[in-house]
Amino acid sequence: MFSSIKSKFAQSVKNKRLNVFGLFFLLAFLILVVTKLSETYVETIPFTVTYKNLPETNIITLDSIPKVNVTLSTHGFNLLSYYFQDKTYELDFENNTSITNANYIWLAEKGTYALKEQLGNSVKIVSVKPDTLVLPFGTLSVKKVPVVFKSKLSFMPGYDTLEEVVLIPDSVKIIGAAQEISKINTVDTKPFALTDIRANVDVLVDLEFSNSSKRLKISEEKIRVKAEVEKFTEGTFEVPITILNLPEHTKINYFPKHIKVAYYLSLKDYRSIKASDFKIECNYNDVLKTGASFFTPELIVNSEKVKSAKMKQNKVEYIIVK
């Protein structure tokens, strides 16, 4: 028992010595870091150029975003903070550029003051490379193009929409250099799908414009898609056949005399549809031209309330009666 207590005491002393050593090691390391960060360093940091006060009628036509490498002298503490900041330089077109032959010219000697303000008084700017930026620009043009609905709506059985899907807006403006926007004739919606629809549709849909040039702008990034959904049903009528352009002294016998027509419409409009809203016509001139032994009937629907309709038979046999 005595030996056990002695062993635990010795272990405790050993651990405390280890903890004390670790504490002194940590303090020494922190002092070293503070000492190093207090020294002055010269470092080159790349800054991405962003634009400020660029006239709305102009667009920069560079294929890539320009950068400037700023060599600066400062204490390590300041230098460390820059690695965690947004490293961008805002180029002021109104005050820091000149125009030569459809190019904006930026000189580092003009932009240094703005960089100095951005970096603070504790930083000394040693150099800026390149010392000149040549930024070609073009005059903006505007083109209005239609939006193409590329998505799919799937309704529950017995539900549908009588009107076409409504896009708001149904067209958008493309803004950019005339040569680039001349190649764009439509803008598609991003594909998406709605299934088992039984209520009105009113959703925001993104436009597919990511593959276009980054220099182009679009007036709308999203559009609204609307559709009024109703309960639908199917009905049928026996519709008489009308023969057109039959010569005065020609008599024919044809069969059938009626064709069944199935139609699809909103349930609320079902009772307002009559057989007279449908016509089936066969044109005698057509068989004279083709020599066919049968008519191909044509269905005519005279009601906007009917979404779709089809005949149950697509041939009308006939014989000439002498």
Side-chain angles (χ1 to χ4, degrees), residues 146-171 186 188-205 222-248 250-287 290 292-319 321:
V147 175
V148 178
F149 186 58
K150 287 292 186 178
S151 303
K152 184 178 181 181
L153 303 182
S154 177
F155 299 90
M156 285 190 69
Y159 289 85
D160 210 325
T161 175
L162 181 60
E163 304 292 338
E164 294 294 327
V165 171
V166 177
L167 308 181
I168 306 173
D170 61 1
S171 58
T186 60
D188 297 341
T189 60
K190 284 189 175 181
F192 82 103
L194 291 178
T195 59
D196 296 332
I197 300 170
R198 58 183 297 174
N200 290 343
V201 175
D202 189 348
V203 294
L204 289 175
V205 180
K222 299 176 182 285
I223 65 163
R224 186 174 296 278
V225 176
K226 300 185 72 174
E228 292 189 9
V229 179
E230 301 177 24
K231 183 75 174 174
F232 269 62
T233 188
E234 188 177 88
T236 59
F237 281 122
E238 291 280 348
V239 179
I241 297 170
T242 302
I243 307 296
L244 301 178
N245 299 314
L246 185 66
E248 185 178 352
T250 300
K251 293 183 180 181
I252 64 171
N253 192 10
Y254 57 92
F255 181 83
K257 299 292 190 296
H258 296 75
I259 293 178
K260 183 178 285 188
V261 173
Y263 58 94
Y264 188 59
L265 80 171
S266 171
L267 182 62
K268 66 180 177 61
D269 296 324
Y270 181 75
R271 294 186 180 278
S272 65
I273 297 297
K274 304 180 292 294
S276 58
D277 291 321
F278 303 90
K279 288 183 179 180
I280 297 177
E281 297 179 342
C282 294
N283 196 328
Y284 190 77
N285 286 340
D286 292 340
V287 296
T290 61
S293 60
F294 58 87
F295 291 110
T296 301
E298 179 184 359
L299 175 62
I300 299 169
V301 181
N302 294 317
S303 175
E304 294 181 352
K305 296 177 181 179
V306 176
K307 183 175 179 68
S308 62
K310 62 180 180 180
M311 296 178 291
K312 296 295 187 179
Q313 186 170 333
N314 294 312
K315 277 186 180 182
V316 175
E317 304 288 344
Y318 79 94
I319 58 172
V321 180

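Keep in mind that the numbers below use all heavy atoms, side chains included, and drop hydrogens, waters and symmetry copies.
Residues V225 and L167 are in side-chain contact: their nearest non-hydrogen atoms beyond the backbone lie under 4.5 Å apart. For the pair Y159/I197, no side-chain contact is recorded, criterion being any heavy-atom separation below 4.5 Å from C-beta on. At least one side-chain heavy atom of R224 sits under 4.5 Å from a side-chain heavy atom of D202. The closest side-chain heavy-atom distance from D170 to P146 is not below 4.5 Å. Using a 4.5 Å heavy-atom cutoff, the side chains of Y284 and F295 are in contact. Taking 4.5 Å as the limit, some side-chain heavy atom of I259 sits within range of a side-chain heavy atom of V316. Side-chain atoms of F192 and V203, non-hydrogen and from C-beta on, do get closer than 4.5 Å to each other.
Smallest separation of non-hydrogen atoms from V261 and A309: CG1-CB, 4.3 Å. Summarising the geometry of T161 relative to A227, their closest heavy-atom pair is OG1-CB, 4.3 Å, with the distance given to 0.1 Å. Closest heavy-atom contact between N283 and N285: OD1-N, 3.0 Å. I273 and F278 make their closest contact through CG2-CE1, 3.7 Å (heavy atoms, listed as atom of the first residue, atom of the second, distance). Closest approach of K312 to A262, counting heavy atoms only: CE-CB, 3.8 Å. Residues S151 and T189 approach most closely at OG-OG1, 3.8 Å, considering heavy atoms.
Sorted by first and then second residue, the side chain to side chain donor-acceptor pair (under 3.5 Å) pairs involving residues 268-279 (not counting sequence neighbours) are S272-K305.
One finds the CG atom of L265 at 7.5 Å from the OG1 atom of T233 (value rounded to the nearest 0.5 Å). Note: E281 CD to D286 CG = 11.0 Å, rounded to the nearest 0.5 Å. In this structure, F237 CZ and Y263 OH are separated by 3.5 Å, a value rounded to the nearest 0.5 Å. Here the straight-line distance linking atom CG of N245 with atom OG1 of T250 works out to 11.5 Å at 0.5 Å rounding. Note that OG1 of T296 and CE of M311 are 9.0 Å apart. Values are rounded to the nearest 0.5 Å.
For Q313, the CD atom is densely surrounded, since the number of other residues' heavy atoms within 6.0 Å is greater than 12. Dense packing is recorded around CD of E234, with more than 12 heavy atoms of other residues, nucleotides or ligands lying under 6.0 Å away.
Relative to the ring axis of F255, K257 does not place its NZ or CZ within 45° and under 6.0 Å from the centre.
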